[in-house]
A.B. asks: 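Sharing a structure below in structure tokens format, with a few things to ask.
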Amino acid sequence: VDRVSGSTLVMQGDLTVNAGRVQIANPVTLSDDGSGAHVHFNMPGTELSFSGQSRVHTGVTFAGEGTLSNRGSMALAAGVDLSSAALYNAGELSIANHIQPGTVQAEAFENAAEGEVQISLGGYTQGSEFDALVIGAGGVLLDGELSVHLLDLDFDGAFFALQVGDEFVIIESAGGV
């Protein structure tokens with residue numbers, strides 16, 4: 001399949017990207033149905049590209065040296081691990097959809113000029129109270145925008161209150177920024 005366009009697509013099970021780019025324009029969800037959901041990039045330079053609304057649920061695993069690309073609006077569930085794959089963003093990218101903070105891991109990350117990374121802050125603990133991207137040796141290229149959403153993790157009507165001097169490591173990389 002080179003391109004799928006139309007109604008919502010839910011993908012469960014195995015998806016293999018053999019060569020080139022697979023572009024999906026319609027809304028898509030990558031979901032683990034309990035028996036495992038895997039995306040395999042068979043060759044370096046292969047790409048799975050979403051240009052509509054997309055969601056990647058916890059439990060979906062990625063293998064190989066390809067790239068998961070967002071050119072629309074993508075929500076990555078807390079705990080998504082792209083393993084040896086890269087993440088490219090030229091759209092709106094959020095972690096855990098601003099509900100409960102989490103951590104997403106990838107080998108490399110690029111945020112393009114038109115990309116927006118949306119991070120949620122609800123406290124001072126990385127991964128459980130604020131979002132983080134943990135990037136491997138592939139490094140990070142940053143451009144575009146960063147949006148910060150404050151959370152009410154106690155559901156008491158009081159959103160997290162930042163203090164002067166607060167610091168948050170939201171992107172860390174073994175390969176540099």
A.B. asks: Would a hydrophobic clustering, with Ile, Leu, Val, Met, Phe, Trp and Tyr connected at side-chain separations under 4.5 Å, put L151 with L133?
C.D. replies: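 Shared cluster, no.
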
A.B. asks: Pick out which of L82, L93, V104, L141 makes a side chain to side chain contact (heavy atoms under 4.5 Å, CB included) with F109.
C.D. replies: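 Of all the options given, the one that passes is L93.
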
A.B. asks: With a 4.5 Å limit on heavy-atom distance, are the side chains of L48 and V39 in contact?
C.D. replies: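 Result yes, sub-4.5 Å side-chain heavy-atom pair found.
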
A.B. asks: Hey, does F41 have a side-chain heavy atom less than 4.5 Å from the side chain of T67?
C.D. replies: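 T67 vs F41: side chains apart.
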
A.B. asks: Determine whether L76 and V28 fall in the same hydrophobic cluster, where Ile, Leu, Val, Met, Phe, Trp and Tyr are linked whenever their side-chain heavy atoms lie under 4.5 Å apart.
C.D. replies: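 Shared cluster, yes.
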
A.B. asks: Give a yes or no answer on whether the side chain of D131 reaches the backbone of S120 with a donor-acceptor pair at less than 3.5 Å.
C.D. replies: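 Pair found, side chain donor or acceptor close to backbone of S120.
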
A.B. asks: Looking at G79, is its backbone amide N or carbonyl O close enough to the side chain of T58 to form a donor-acceptor pair, meaning the two atoms are under 3.5 Å apart?
C.D. replies: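 No, T58 side chain to G79 backbone: no donor-acceptor pair under 3.5 Å.
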
A.B. asks: Indicate yes or no: at least one non-hydrogen side-chain atom of M11 is less than 4.5 angstrom from one of S31.
C.D. replies: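 Contact flag for M11/S31 side chains = no.
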
A.B. asks: Give a yes or no on whether L15 and I24 share a hydrophobic cluster (residues Ile, Leu, Val, Met, Phe, Trp, Tyr; joining criterion: side-chain heavy atoms under 4.5 Å apart).
C.D. replies: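 Linked, L15 and I24 end up in one cluster.
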
A.B. asks: Pairs under 3.5 angstrom only: tabulate donor-acceptor contacts from the side chains of residues 169-177 to other protein residues two or more places apart or in another chain.
C.D. replies:
from, atom 1, to, atom 2, distance (Å)
E172, OE1, Q126, NE2, 3.2
S173, OG, G175, N, 3.1
S173, OG, G176, N, 3.2
S173, OG, G176, O, 3.2

A.B. asks: Please name the residue in the list N89, V148, I95, L142 that meets the side chain to side chain contact (heavy atoms under 4.5 Å, CB included) test with V117.
C.D. replies: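 So the option named by the test is N89.
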
A.B. asks: Side-chain contact test, heavy atoms from C-beta onward, threshold under 4.5 Å: evaluate it for M74 versus E92 and give yes or no.
C.D. replies: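 Side chain of M74 against side chain of E92, heavy atoms only: no contact under 4.5 Å found.
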
A.B. asks: When you measure from the side chain of E107 to the backbone of G138, do you find a donor-acceptor pair of N or O atoms at a distance under 3.5 Å?
C.D. replies: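 Flag set: sc E107 to bb G138 pair under 3.5 Å.
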
A.B. asks: Less than 4.5 Å apart, side chain to side chain, heavy atoms only: is that true for H40 and D14?
C.D. replies: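 Sidechains of D14 and H40: in contact.
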
A.B. asks: Whether the side chain of D154 engages the backbone of D156 through a donor-acceptor N/O pair (distance < 3.5 Å, no angle test) should be reported.
C.D. replies: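 Flag not set: sc D154 to bb D156 has no pair under 3.5 Å.
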
A.B. asks: Verify the cluster assignment for V17 and V56: are they in a single hydrophobic cluster under the rule of side-chain heavy atoms below 4.5 Å apart?
C.D. replies: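 Result: yes, single cluster for both.
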
A.B. asks: Ignoring hydrogens and angles, state whether a donor on the side chain of E47 or S69 is under 3.5 Å from an acceptor on the partner side chain.
C.D. replies: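 Their side chains do contain a donor-acceptor pair, which is all the 3.5 Å distance test asks for.
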
A.B. asks: Mind checking the CD-OG spacing from E116 to S147? Nearest 0.5 Å is all I need.
C.D. replies: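 The CD atom of E116 sits 3.0 Å away from the OG atom of S147.
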
A.B. asks: Will you find, in the side chains of S84 and E65, an N or O donor that is under 3.5 Å from an N or O acceptor?
C.D. replies: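 Distance-only check fails for S84 and E65.
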
A.B. asks: I'd like to check L153 versus F160 (side-chain heavy atoms, cut-off strictly below 4.5 Å). Are they in contact?
C.D. replies: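 No, every pair of side-chain atoms sits at 4.5 Å or beyond.
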
A.B. asks: Quick check: do V80 and V60 have side-chain heavy atoms less than 4.5 Å from each other?
C.D. replies: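 No, their side chains stay 4.5 Å or more apart.
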
A.B. asks: Could you give the distance from NE2 (H38) to CD (Q12), rounded to the nearest 0.5 Å?
C.D. replies: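 Those atoms lie 12.0 Å apart.
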
A.B. asks: Please examine the side chains of T46 and N18, heavy atoms only from C-beta on, and report whether any two atoms are closer than 4.5 Å.
C.D. replies: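 Heavy-atom side-chain distance check fails, nothing below 4.5 Å.
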
A.B. asks: Could you work out, with ring pair (Phe, Tyr, Trp, His ring centres under 6.0 Å) as the rule, every residue matching F168, not counting sequence neighbours?
C.D. replies: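 Counting only residues at least two positions away or on another chain, F168 forms a ring pair (Phe, Tyr, Trp, His ring centres under 6.0 Å) with Y124, F130.
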
A.B. asks: Can a donor-acceptor pair be found, under 3.5 Å and without considering hydrogens, that links the side chain of D152 to the backbone of G157?
C.D. replies: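 Checking the backbone N and O of G157 against the side chain of D152, a donor-acceptor pair under 3.5 Å is found.
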
A.B. asks: Using a 6.0 Å cut-off, check whether atom CZ of R71 has over 12 heavy atoms from anything other than its own residue.
C.D. replies: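 Yes.
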
A.B. asks: Tell me the closest heavy-atom pair linking R21 and S49, and the distance in Å.
C.D. replies: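 Taking every non-hydrogen atom into account, CD-CB, 3.7 Å.
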
